[in-house]
Amino acid sequence: MNPKFSCADFTFPLLPHKKVLDLLRLLEIRGVDLGIFQDRSHHSPSDIVLDPLTAAQSMREELHSRGLEAADVFLQTGAEPSIAAANDPDDGVRNQNRKTFMGMIEYCCELGAAHLTGLPGVCHSGTQPEEDWQRAVEEARWRLEVCRGAGITYAIEPHVGSLLPDPQATLRFMEAVPGLTLTLDYGHFIYQGMTNESVHCLLPHASHFHARGGAKGALQCTVKENRIDFDAILSGLEQTGYNGWICLEYVWVDWEGCNRTDNISETLLLRDLLAKERK
């Protein structure tokens with residue numbers, strides 16, 4: 001396996017977006033994961049969907065001028081996962097989410113991005129867990145079908161605080177939505193004290209992969225402190241025939257201590273570590 005490396009633009013949120021792209025080019029990383037998060041990223045979905053074609057054309061020019069390509073578009077319709085979640089109990093919120101999603105499909109198609117990531121949903125106060133689950137399943141099925149019609153791979157990212165906090169719940173969800181894929185980040189599981197081995201069952205479902213240092217109690221940490229078994233993961237991905245991107249996804253946000261790393265240094269260290277392990 002010869003990994004294709006991308007890097008998230010939200011790894012460097014304090015830089016203007018054009019400078020982020022310049023930096024990725026300097027770091028010799030050719031793929032970009034575009035974070036489209038409402039009110040907390042360089043570009044918000046509510047702005048993009050006003051004119052998705054023009055927005056995509058502008059982004060495509062910025063990427064192509066630097067020899068970069070879009071590895072993934074990561075859509076989050078709220079400033080945090082519980083806001084405007086995919087399975088929000090309010091019909092009006094879910095309908096607006098669908099309108100936004102359709103606009104983002106136009107954006108991806110015009111941009112030439114073949115992979116779109118979303119969040120699965122959360123548990124809401126005042127609702128029954130089975131109702132939250134069923135709404136999440138219904139929305140994931142709808143999104144998957146829309147993406148299929150556009151020739152785009154759709155994935156969800158299981159994460160801390162979501163309906164899918166562990167591999168067992170995630171596998172159950174995948175069974176309920178045949179054809180759905182995962183943007184897989186071991187950190188969300190290792191952080192909770194789960195073993196690497198308990199997460200390997202999700203590798204066959206991965207269409208995109210987020211890599212950063214992680215350990216029990218540390219959602220993000222340095223490569224030196226890392227306890228995620230990337231060598232075993234890369235071997236497992238190779239066995240599944242994985243040909244997607246490996247996103248170097250260090251983030252900088254005041255949440256779970258994810259603002260305590262030197263993201264340039266750790267991104268380079270992790271890139272070189274992963275490349276070395278596959279030689």
Looking only at heavy atoms, which two atoms of G35 and D9 are closest? And how far apart?
-> N-OD1, 2.9 Å
Hey, are the side chains of Y242 and P204 touching, using non-hydrogen atoms and a 4.5 Å cut-off?
-> no
side-chain hydrogen bond (donor to acceptor under 3.5 Å, both in side chains) between Q57 and T54, worked out | CA-CA 5 Å; Q57 290 163 4; T54 299; 4.7 Å; no
Any sub-3.5 Å donor-acceptor pair from S41's side-chain atoms to H43's backbone N or O?
-> yes
Could you check if a side-chain atom of V32 sits within less than 4.5 angstrom of a side-chain atom of E69, using non-hydrogen atoms only?
-> no
Applying the 4.5 Å side-chain criterion to the ILVMFWY set and letting contacts propagate, would W245 and L248 be lumped into a single cluster?
-> no
Do side-chain atoms of D254 reach the backbone of N259 as a donor and acceptor pair under 3.5 angstrom?
-> no
Given the rule that I, L, V, M, F, W and Y join up when any side-chain heavy atoms are under 4.5 Å apart, are Y107 and W142 in one cluster?
-> yes
Students should find that the hydrophobic cluster of V251, defined by side-chain heavy atoms under 4.5 Å apart, otherwise consists of F10, F37, F74, L119, V160, Y191, L219, V253, W255
For D33 and H208, does a side-chain donor sit closer than 3.5 Å to a side-chain acceptor?
-> yes
Starting from the C-alpha separation in whole Å, work towards a yes-or-no answer on ring-ring contact (aromatic ring centres under 6.0 Å, His included) for F5 and F209.
-> CA-CA 10 Å; F5 293 119; F209 192 86; over 10 Å; no
Cluster link L34 to W252, ILVMFWY, side chain under 4.5 Å | no
Not counting sequence neighbours, list each pair that qualifies as a salt bridge (Lys or Arg N to Asp or Glu O under 4.0 Å) and has a residue in residues 155-172.
-> none
Cationic N near anionic O, under 4.0 Å, D22 to R25 | no
Decide yes or no for K216 and R227: does some side-chain heavy atom of the first lie under 4.5 Å from some side-chain heavy atom of the second?
-> no
Treating Ile, Leu, Val, Met, Phe, Trp and Tyr as nodes and any side-chain heavy-atom pair under 4.5 angstrom as an edge, say whether F230 and L268 lie in one connected cluster.
-> yes
Would Y186 and H200 count as a close aromatic pair, with their ring centres under 6.0 Å?
-> yes
Going by heavy atoms in the side chains, are V146 and R143 under 4.5 Å from each other?
-> no
Any donor-acceptor pair under 3.5 Å from E62 side chain to S58 backbone = no
Side chains of R40 and Q76, donor plus acceptor under 3.5 Å | yes
Could you tell me whether R135 and E138 have a side-chain N and a carboxylate O separated by less than 4.0 Å?
-> no
Ion pair check, E266 and R212, cut-off under 4.0 Å = no
Are L234 and I246 close enough that some pair of their side-chain heavy atoms sits under 4.5 Å apart?
-> yes
Identify the two heavy atoms, one from L237 and one from A206, that lie closest to each other, and give their separation to 0.1 Å.
-> CD2-CB, 4.4 Å
N263 and T11 side chains, donor-acceptor separation under 3.5 Å = no
Go through the side-chain N and O atoms of E238 and S235 and say whether any donor and acceptor fall under 3.5 Å apart.
-> no
Donor-acceptor contact below 3.5 Å, side chain H205 vs main chain T170 | no
Might you point out which heavy atoms bring L116 and C147 nearest each other, and give the distance in Å?
-> CD2-SG, 4.0 Å
Would you say E80 and Q38 make side-chain contact, with heavy atoms under 4.5 Å?
-> no
Taking every non-hydrogen atom, the tightest pair across M194 and P167 = SD-CD, 3.7 Å
Side chains of D185 and H159: do they bring a donor and an acceptor to under 3.5 Å?
-> no
Chi angles and distances behind the side-chain hydrogen bond (donor to acceptor under 3.5 Å, both in side chains) call for H210, T183 | CA-CA 7 Å; H210 286 170; T183 290; 5.3 Å; no
Would you mind checking if R141 and E145 are paired as a salt bridge, meaning a charged N to carboxylate O distance below 4.0 Å?
-> no
Closest heavy-atom pair, A140 versus L180, reported as atoms and distance to 0.1 Å, is CB-CD2, 4.4 Å
Taking atom CZ of R148 as the centre, does the number of heavy atoms from other residues, nucleotides or ligands within less than 6.0 Å exceed 12?
-> yes
So, R98 and E139, do they make that salt bridge, N to O below 4.0 Å?
-> yes
The single option from V49, I105, N95 passing side chain to side chain contact (heavy atoms under 4.5 Å, CB included) against T100 | V49
With the 4.5 Å side-chain cut-off for hydrophobic clustering, are L53 and F101 part of the same group?
-> no
Is the backbone N or O of S198 less than 3.5 Å from a side-chain atom of T195, with the two atoms forming a donor-acceptor pair by type?
-> yes
Can you establish whether the number of heavy atoms outside E28 located under 6.0 Å from its atom CD is more than 12?
-> no
Which atom pair, heavy atoms only, marks the closest approach of A71 to S6?
-> CB-CB, 3.7 Å
